[in-house]
Colleague: 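Quick one: this structure, given as structure tokens, is what I'll be asking you about.
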Amino acid sequence: MDVNQPKQEHLLALKVMRLTKPTLFTNIPVTCEERDLPGDLFSTLMKDDPSTVKGAETLMLGEMLTLPQNFGNIFLGETFSSYISVHNDSNQVVKDIQVKADLQTSSQRLNLSASTAVVSELKPDSCIDDVIHHEVKEIGTHILVCAVSYTTQTGEKMYFRKFFKFQVLKPLDVKTKFYNAETDEVFLEAQIQNITTSPMFMEKVSLEPSIMYNVSELNTVITNGDGCSTFGTKTYLQPLDTRQYLYCLKPKPEFAEKAGVIKGVTVIGKLDIVWKTNLGERGRLQTSQLQRMAPGYGDVRLSIETIPDTVRLEEPFDITCKITNCSERTMDLVLEMCNTNAIHWCGVSGRQLGKLHPSSSLHLTLALLSSVQGLQSVSGLRLTDTFLKRTYEYDDIAQVCVVSSKLQAES
């Protein structure tokens with residue numbers, strides 16, 4: 001083939017434009033004092049400028065809207081929309097036109113064309129239009145591949161493609177922390193940071209729990225029966241600002257009774273985040289399933305079910321304990337109560353609790369008193385399995401505030 005042969009020109013022209021919301025037109029006001037040389041010239045020009053707001057000409061934002069001047073940024077979770085137009089620039093009738101639009105990502109190739117049907121003919125100065133939409137779910141390089149095939153009047157089949165490359169950026173930085181309570185409750189703290197260059201309106205941030213948990217949101221304050229967000233009425237997140245959301249998860253009763261189910265790695269759920277940017281463009285982001293390592297309780301777990309917050313000095317009070325067999329064997333347990341410097345147990349130590357089958361639980365009500373004021377830790381419980389002659393020690397299982405009888409009576 002002759003290398004100097006000119007490249008054949010196509011009869012059809014392909015145009016692609018990204019569809020985005022317009023922006024408010026901004027201008028830079030120029031002012032001066034009346035005694036300066038220009039006088040009121042600048043003021044008159046700004047009043048005659050159609051882009052300024054009447055009565056507020058020195059305001060940078062105007063009343064006009066500006067169409068996007070470039071491709072702009074695309075963020076993960078937003079919807080990518082594009083207008084595709086194939087125009088017949090020739091004076092011939094073109095037949096069997098087919099337009100196809102694919103989106104190539106780092107992991108897959110997606111067909112975005114609303115229809116791949118063949119158009120029988122396209123007359124001169126006529127066009128075929130299509131609008132494609134795609135919710136972006138991957139970050140990194142994306143390539144929009146637009147392919148056009150057609151047949152000329154002489155029966156020659158023609159084909160050409162165009163490539164449009166763009167980057168998908170990460171809009172939010174999400175960090176999570178887990179906190180284990182003394183009971184089976186788990187607290188999740190989600191830190192969400194806006195890493196874009198424009199403010200966001202946080203429409204919804206919710207936690208969708210797994211089948212093992214029930215969730216309660218701790219981001220509202222109840223006042224006179226009405227819920228008020230802890231972030232106030234303005235839920236805007238400025239660039240580089242961080243907001244913290246808190247959730248409490250509690251195992252469902254059918255799972256809480258089975259001690260072995262909560263062992264090891266458990267799936268908590270996933271965060272669902274919905275936001276809006278300038279002029280209401282919506283984005284949505286869902287995290288992957290959040291997992292936590294359940295704390296190891298060993299063969300036997302002892303937890304506090306009920307305990308008073310404040311007690312009187314040297315006066316007995318009751319606590320309720322729950323003992324759960326987390327092993328796969330039956331245990332024969334004996335309870336021993338050892339006094340500490342501040343905590344003194346009331347009752348018989350060395351009592352037989354009987355046999356406890358795997359994943360079974362029993363509740364005990366114990367009496368104790370404190371001889372020292374202040375915040376005291378409940379310690380000194382010992383469980384012994386008579387089958388294996390193994391002893392399990394439980395210290396600092398709860399805390400209680402001890403006040404004098406005189407102080408509590410005055411309050």
Side-chain angles (χ1 to χ4, degrees), residues 178-188 209-216 247-269 291-309 311 316-340 343-370 376-400:
F178 291 105
Y179 303 93
N180 298 314
E182 294 176 352
T183 59
D184 289 330
E185 292 179 338
V186 180
F187 292 91
L188 169 65
S210 64
I211 59 173
M212 297 176 60
Y213 291 91
N214 292 320
V215 64
S216 57
Y247 303 91
C248 177
L249 297 109
K250 190 172 184 179
K252 294 180 179 179
E254 57 268 29
F255 294 103
E257 295 300 326
K258 300 177 182 178
V261 175
I262 312 295
K263 285 184 177 180
V265 177
T266 57
V267 175
I268 295 296
Q291 295 181 338
R292 75 180 258 272
M293 177 65 72
Y297 300 114
D299 294 338
V300 185
R301 180 187 178 187
L302 188 145
S303 58
I304 301 296
E305 295 290 296
T306 60
I307 183 173
D309 295 328
V311 299
F317 62 93
D318 293 337
I319 64 172
T320 303
C321 302
K322 180 181 178 182
I323 300 174
T324 305
N325 183 356
C326 300
S327 68
E328 298 178 354
R329 56 184 174 80
T330 301
M331 293 184 173
D332 188 14
L333 298 176
V334 175
L335 175 65
E336 295 181 4
M337 300 179 292
C338 303
N339 295 332
T340 64
I343 296 296
H344 305 274
W345 297 93
C346 305
V348 179
S349 179
R351 57 188 284 196
Q352 294 279 344
L353 300 181
K355 293 182 179 179
L356 190 61
H357 297 286
S359 300
S360 298
S361 301
L362 61 89
H363 292 79
L364 291 176
T365 300
L366 303 175
L368 63 160
L369 61 85
S370 176
Q376 303 299 331
S377 294
V378 178
S379 303
L381 291 180
R382 305 290 183 262
L383 288 173
T384 301
D385 181 12
T386 58
F387 289 152
L388 296 182
K389 305 298 182 182
R390 184 178 298 172
T391 300
Y392 305 91
E393 299 181 356
Y394 300 94
D395 295 318
D396 299 324
I397 57 178
Q399 291 182 325
V400 64

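This chain uses plain numbering: 1 for the first residue, then up along the sequence.
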Colleague: Atom OG of Ser361 and atom CD1 of Ile323: how far apart are they, to the nearest 0.5 Å?
Modeller: 9.5 Å
Colleague: Below 4.5 Å, heavy atoms only, C-beta onward: do Met212 and Pro251 meet side chain to side chain?
Modeller: no
Colleague: When you look at Arg351 and Leu353, which way does the side-chain contact (heavy atoms from CB on, under 4.5 Å) test go after all the steps?
Modeller: CA-CA 6 Å; Arg351 57 188 284 196; Leu353 300 181; 4.2 Å; yes
Colleague: Nearest 0.5 Å, what's the CG-CZ distance between Asn325 and Arg301?
Modeller: 13.0 Å
Colleague: Would you compute the distance between atom NZ of Lys355 and atom OG of Ser360 and round it to the nearest 0.5 angstrom?
Modeller: 13.0 Å
Colleague: Report yes if the side chains of Leu388 and Arg329 come closer than 4.5 Å at any heavy-atom pair, otherwise no.
Modeller: yes
Colleague: Could you walk me through whether Leu188 and Val215 pass the side-chain contact (heavy atoms from CB on, under 4.5 Å) check?
Modeller: CA-CA 10 Å; Leu188 169 65; Val215 64; over 6 Å; no
Colleague: Kindly give the heavy-atom pair with the smallest separation between Tyr213 and Val267, and that separation in Å.
Modeller: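 Smallest heavy-atom distance, with atoms named: CE1-O, 3.9 Å.
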Colleague: Could you tell me the separation between the CG atom of Asp318 and the CD1 atom of Ile307, rounded to the nearest 0.5 Å?
Modeller: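 The CG atom of Asp318 sits 10.5 Å away from the CD1 atom of Ile307.
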Colleague: Do Thr386 and Asp332 have side-chain N/O donor and acceptor atoms under 3.5 Å apart?
Modeller: yes
Colleague: Taking all atoms of both residues into account, what is the closest heavy-atom pair of Val348 and Met337, and its distance?
Modeller: O-CE, 3.3 Å
Colleague: Within the structure provided, determine whether Thr340 and Asp395 are in side-chain contact (heavy-atom separation under 4.5 Å).
Modeller: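 SC-SC contact between Thr340 and Asp395 ruled out.
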Colleague: Whether the side chain of Thr320 engages the backbone of Thr306 through a donor-acceptor N/O pair (distance < 3.5 Å, no angle test) should be reported.
Modeller: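 Pair absent, no side-chain N/O of Thr320 close to backbone of Thr306.
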Colleague: Is the side chain of Ser379 donor-acceptor paired with the backbone N or O of Asp396 at a distance under 3.5 Å, no angle test?
Modeller: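 Yes, the answer is positive, given that a donor and an acceptor are paired below the 3.5 Å cut-off.
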Colleague: What heavy-atom pair brings Pro358 and Thr330 nearest, and what distance separates the two atoms?
Modeller: CD-OG1, 3.7 Å
Colleague: What verdict does the side-chain contact (heavy atoms from CB on, under 4.5 Å) test give for Glu305 and Leu364, after you've listed the backbone C-alpha separation in whole Å, the side-chain angles of each residue and the deciding distance to 0.1 Å?
Modeller: CA-CA 10 Å; Glu305 295 290 296; Leu364 291 176; over 6 Å; no
Colleague: When you look at Val378 and Ile304, which way does the side-chain contact (heavy atoms from CB on, under 4.5 Å) test go after all the steps?
Modeller: CA-CA 10 Å; Val378 178; Ile304 301 296; 5.6 Å; no
Colleague: Check for a donor-acceptor pair, side chain of Thr324 on one end and backbone N or O of Cys326 on the other, with a separation under 3.5 Å.
Modeller: no
Colleague: Output the distance between atom CZ (Arg382) and atom CD (Glu393), rounded to the nearest 0.5 Å.
Modeller: 4.0 Å
Colleague: Are Asp299 and Asp385 packed together at the side-chain level, in the sense that at least one heavy-atom pair is separated by less than 4.5 angstrom?
Modeller: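 No; the side chains remain at least 4.5 Å from each other.
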Colleague: Can you name the closest pair of heavy atoms from Phe317 and Ser370 and give their distance?
Modeller: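 Here Phe317 and Ser370 meet closest at CE2-N, 4.4 Å.
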Colleague: Considering non-hydrogen atoms only, spot the tightest contact between Leu362 and Leu356 and give its length.
Modeller: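 Closest pair (atom of Leu362, atom of Leu356, distance): CD2-CD1, 3.8 Å.
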Colleague: So how far is it from Phe178 CZ to Gln291 CD, rounded to the nearest 0.5 Å?
Modeller: 9.0 Å
Colleague: Minimum heavy-atom separation for Cys248 to Glu185, with atom names?
Modeller: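 It is SG-CD, 4.0 Å.
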